[in-house]
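The structure appears below as C-alpha cells.
The figures here come from the full heavy-atom set of this structure, side chains too, leaving out hydrogens, waters and symmetry mates.
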Amino acid sequence: MSQVFVLNHPMIQHKLTYIRSEETGSKEFRELVEEVAMLMTYEVTRDLPLEEVTVQTPVAEAKCNVIAGRKVAFVPILRAGLGMVGGMLRLIPAAKVGHIGLYRDPDTLEPVEYYCKLPPDLTERDLIVIDPMLATGGSAAAGIKFLKDRGVKNIKLMCLIAAPEGIERVQDEHPDVDIYVAGVDEKLNDHGYIVPGLGDAGDRLYGTK
Ligand code: PRP
Ligand code: URA
C-alpha cells in the first residue's frame, strides 16, 4: 500500500490557509499556489539520490554532494495543475513538463480526457503528477493510469488538498504511488467538492466562473 505524506511544515500550512480563504483574489491565489508547490517539491524530492563530487573552495578541497543525474518530470493535470508548475520549476529548472488535459464531467464526476503532450524520454524519468485537488480521485487515478499505460514506473502524486475518498481511490487503483498533500479535509459534498477545501481551483486560478 502506498504512503500518504501530509506536509505540515508551518510555512506550507500558513500559506494554505490564505489559499483557502474566499477573500484571497486570483493574483494572490496564483502566487500562493506557486509558493506552496515549490515548498512541497522540496519535501517530495527528499529521496533523490546524491553522488559525491569534489570542489575547490577558496580555502581547501571539499567533498560535497550533488543530485545524482536522476531525471525528473512534472505532469500537471490541466488546467488547475498548471498553477503549481512555475513554483516547482523554480526549484528544479531542468525538469521536463508533460501535460494531461482532463476535466471532470459535472454529472458523472468522471474524468474526460482532451489533451496530452508528454516528453519523449518519459520512461527514464521520475514523475510527479500534480493537481491541486484530489476530490473523488477520478482525475488523478486516470492521469496516473494514462502514464503507466505508456510504461512509466516511478510516479508520485502531489496535491494541495485531498478528500479521504480521493486518497482511497488512488491507493486502491495505484497502490505503488505515494501521495503528498498539504491538507486532508473532511469529506466531499453532493457536487463532489472538497469540504471545506478551497472551492474550484481552476476558476480561482484563472478568474473563470
Ligand atoms: C478539478 C481539479 C482536479 C479535479 C479533481 O479539475 O483540478 O483535476 O477537479 O476532482 P476529482 O478528484 O473528483 O477528479 P476540473 O475538472 O474542475 O477541471 P479544471 O482544472 O480545468 O478546472
Ligand atoms: N475540483 C476543484 O477544483 N475543487 C474541488 O473541491 C473538487 C474538485
Side-chain angles (χ1 to χ4, degrees), residues 4 6-8 12-41 44 74-89 97-117 128-146 156-171 173 177 179-209:
V4 179
V6 182
L7 306 183
N8 52 13
I12 293 176
Q13 293 305 313
H14 177 85
K15 288 174 191 290
L16 183 63
T17 299
Y18 290 94
I19 289 174
R20 286 181 185 277
S21 169
E22 66 175 4
E23 288 176 16
T24 301
S26 280
K27 176 178 179 291
E28 203 187 343
F29 186 88
R30 273 197 298 274
E31 289 167 357
L32 286 164
V33 167
E34 284 210 356
E35 285 171 22
V36 170
M38 183 177 73
L39 295 170
M40 291 181 76
T41 305
V44 174
F74 305 140
V75 182
I77 296 182
L78 307 183
R79 108 197 115 134
L82 271 184
M84 300 168 78
V85 175
M88 298 174 74
L89 284 173
V97 183
H99 297 84
I100 298 179
L102 294 173
Y103 70 86
R104 207 167 65 147
D105 182 291
D107 298 322
T108 65
L109 299 184
E110 282 304 308
V112 181
E113 187 200 323
Y114 63 89
Y115 184 77
C116 174
K117 185 81 181 171
I128 305 174
V129 173
I130 48 182
D131 194 330
M133 310 307 280
L134 183 62
T136 64
S139 304
I144 293 166
K145 177 171 185 309
F146 195 85
K156 292 175 177 175
L157 173 65
M158 183 173 125
C159 306
L160 294 186
I161 300 176
E165 294 88 332
I167 291 176
E168 198 179 316
R169 178 155 177 186
V170 172
Q171 284 192 315
E173 294 184 25
V177 174
I179 304 171
Y180 294 77
V181 291
V184 179
D185 281 7
E186 195 191 324
K187 60 177 182 184
L188 295 177
N189 68 15
D190 293 343
H191 305 288
Y193 276 84
I194 299 176
V195 181
L198 54 72
D200 189 302
D203 284 346
R204 294 197 61 191
L205 278 166
Y206 302 114
T208 48
K209 187 86 186 109

Which side-chain N or O atoms in residues 32-41 pair as donor and acceptor under 3.5 Å with protein atoms at least two apart or in another chain?
residue	atom	partner	partner atom	Å
E34	OE1	R90	NH2	2.6
E35	OE1	K15	NZ	2.5
T41	OG1	A37	O	2.6

Extract all donor-acceptor atom pairs below 3.5 Å that involve side chains of residues 128-136 and protein atoms in other chains or at least two apart in sequence.
residue	atom	partner	partner atom	Å
D131	OD1	M133	N	3.3
T136	OG1	G138	N	3.1

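Heavy atoms of other residues, nucleotides or ligands lying less than 6.0 angstrom from OH of Y103 number 12 at most.
Between A162 and V181, the shortest heavy-atom contact is CB-CG1, 3.8 Å. Between A182 and I12 the shortest heavy-atom distance is CB-CG2, 3.7 Å. When every heavy atom of A163 is checked against every heavy atom of L188, the shortest pair comes out as CB-CD2, 3.6 Å.
With sequence neighbours excluded, the residues satisfying side chain to side chain contact (heavy atoms under 4.5 Å, CB included) with E113 are L102, C116, F146. Applying the salt bridge (charged side-chain N to carboxylate O under 4.0 Å, His left out) test to R169 and every residue at least two apart in sequence or in another chain returns E110, E173. In terms of the ring pair (Phe, Tyr, Trp, His ring centres under 6.0 Å) criterion, residue partners of Y18 (sequence neighbours excluded) are, by chain and number, H14. Contacts of K187 classified as salt bridge (charged side-chain N to carboxylate O under 4.0 Å, His left out), with partners at least two apart in sequence or in another chain: none. Residues forming a salt bridge (charged side-chain N to carboxylate O under 4.0 Å, His left out) with K27 (at least two apart in sequence, or on another chain): E31. With sequence neighbours left out, the ring pair (Phe, Tyr, Trp, His ring centres under 6.0 Å) criterion links Y180 to F5. Scanning for side chain to side chain donor-acceptor pair (under 3.5 Å) contacts around Y193 gives D200, with sequence neighbours left out. In terms of the salt bridge (charged side-chain N to carboxylate O under 4.0 Å, His left out) criterion, E28 has no residue partners (sequence neighbours excluded). Applying the side chain to side chain contact (heavy atoms under 4.5 Å, CB included) rule to S21 yields the partners E23, T24; only residues at least two apart in sequence or on another chain are considered.
Distance check, rounded to the nearest 0.5 Å: NE2 of H99 to CD1 of I77 gives 12.0 Å. Taking CD1 from I194 and CG from D185, the interatomic distance works out to 6.5 Å, rounded to the nearest 0.5 Å. Here CG of L205 is found 8.0 Å from CZ of R79. Values are rounded to the nearest 0.5 Å. The CZ atom of F74 sits 8.0 Å away from atom CE of M158, with the distance rounded to the nearest 0.5 Å. The distance from the CD1 atom of I167 to the CG atom of L157 is 9.5 Å, given to the nearest 0.5 Å.
Side-chain atoms of R20 never come within 3.5 Å of backbone atoms of L198 as a donor-acceptor pair (strictly under, hydrogens ignored). No donor-acceptor pair closer than 3.5 Å links the side chain of R104 to the backbone N or O of V112.
Contact annotation: the side chain of I100 never approaches that of L78 to less than 4.5 Å [non-hydrogen atoms, C-beta and beyond]. Side-chain atoms of I19 and R204, non-hydrogen and from C-beta on, never get closer than 4.5 Å to each other.
For residues 158-168, there are no side-chain hydrogen bond (donor to acceptor under 3.5 Å, both in side chains) pairs, not counting sequence neighbours.
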